[in-house]
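The next block holds one structure in the form of structure tokens; read it before the comments.
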Amino acid sequence: IKHMINTVMNGELAPLHFFPTFLRTIAIALPFQYLGYVPAQIFLENITGLNIGKHALFALVWIGILGGIASLTYRRGVRKYEGIGL
């Protein structure tokens, strides 16, 4: 299921600009596009200049958000495992 969602939402199956409006909006808001669609568009020179920086900034924001969630989850798991957070 994870692989299929990743394949569809990162633009590997079909480019994001072919998606219906509601699905395109969701796909653009999530970080999946930075795995396939955005690098391909940069390679094809459809994304150039300052737009590359904009996409890089959004990717870094997602890295921070998901890294923070992973860190909190890890710390909570360690506390539960050690018996501190019971």
Side-chain angles (χ1 to χ4, degrees):
I1 292 172
K2 178 188 105 23
H3 178 68
M4 188 55 156
I5 290 171
N6 186 22
T7 300
V8 171
M9 296 302 276
N10 75 10
E12 281 182 34
L13 193 61
L16 296 182
H17 56 267
F18 289 145
F19 282 22
T21 306
F22 75 96
L23 190 56
R24 184 180 330 123
T25 304
I26 293 169
I28 289 173
L30 295 173
F32 298 112
Q33 67 177 330
Y34 301 110
L35 299 173
Y37 180 75
V38 171
Q41 294 301 307
I42 291 171
F43 179 76
L44 295 172
E45 297 181 354
N46 292 335
I47 298 176
T48 59
L50 291 176
N51 286 332
I52 293 173
K54 180 185 86 166
H55 284 287
L57 179 64
F58 285 136
L60 288 173
V61 167
W62 269 110
I63 289 170
I65 291 169
L66 295 174
I69 292 170
S71 177
L72 290 172
T73 303
Y74 175 79
R75 280 189 258 147
R76 182 170 181 207
V78 167
R79 270 187 270 142
K80 280 197 172 231
Y81 177 74
E82 292 176 348
I84 298 170
L86 298 176

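- No chain of hydrophobic side-chain contacts below 4.5 Å, direct or via other Ile, Leu, Val, Met, Phe, Trp or Tyr residues, connects Leu72 to Tyr81.
- Annotation: the span from Asn46 atom CG to His17 atom NE2 amounts to 8.0 Å, rounded to 0.5 Å.
- Open room surrounds NE2 on His3; 12 or fewer heavy atoms of other groups in view lie less than 6.0 Å from it.
- To the nearest 0.5 Å, atoms CE (Met9) and OH (Tyr37) are separated by 13.0 Å.
- How far CG of Leu13 is from CZ of Phe18: 12.0 Å, rounded to the nearest 0.5 Å.
- Hydrophobic clustering of Ile, Leu, Val, Met, Phe, Trp and Tyr side chains at less than 4.5 Å, counting indirect connections, unites Val61 with Leu66.
- Hydrophobic cluster membership differs between Ile63 and Ile42, with clusters built from Ile, Leu, Val, Met, Phe, Trp and Tyr side chains linked at under 4.5 angstrom.
- No more than 12 heavy atoms of other residues, nucleotides or ligands lie within 6.0 Å of CZ in Phe58, so this atom counts as exposed by the packing criterion.
- Hydrophobic clustering, with ILVMFWY side chains joined whenever heavy atoms are under 4.5 angstrom apart, groups Ile69 together with Tyr34.
- Within a 6.0 Å radius of CG in Leu44, more than 12 heavy atoms belonging to other residues, nucleotides or ligands are found.
- Annotation: side chain of Ile5 is in contact with side chain of Phe32 (closest heavy-atom distance under 4.5 Å).
- Once rounded to the nearest 0.5 Å, the distance linking OG1 of Thr7 with NZ of Lys2 reads 8.5 Å.
- A donor-acceptor pair is defined here as one N or O able to donate and one able to accept, closer than 3.5 Å; such a pair exists between the side chain of Gln33 and the backbone of Ile28.
- Atoms CG and CD1, from Leu57 and Ile52 in turn, are 14.0 Å apart once rounded to the nearest 0.5 Å.
- Both Ile26 and Phe19 belong to a single network of hydrophobic side chains, linked directly or stepwise wherever heavy atoms of I, L, V, M, F, W or Y lie under 4.5 Å apart.
- Remark: the backbone N or O of Gly67 is not paired with any side-chain donor or acceptor of Ser71 at under 3.5 angstrom.
- The distance from the CG atom of Leu16 to the CG atom of Asn10 is 8.0 Å, given to the nearest 0.5 Å.
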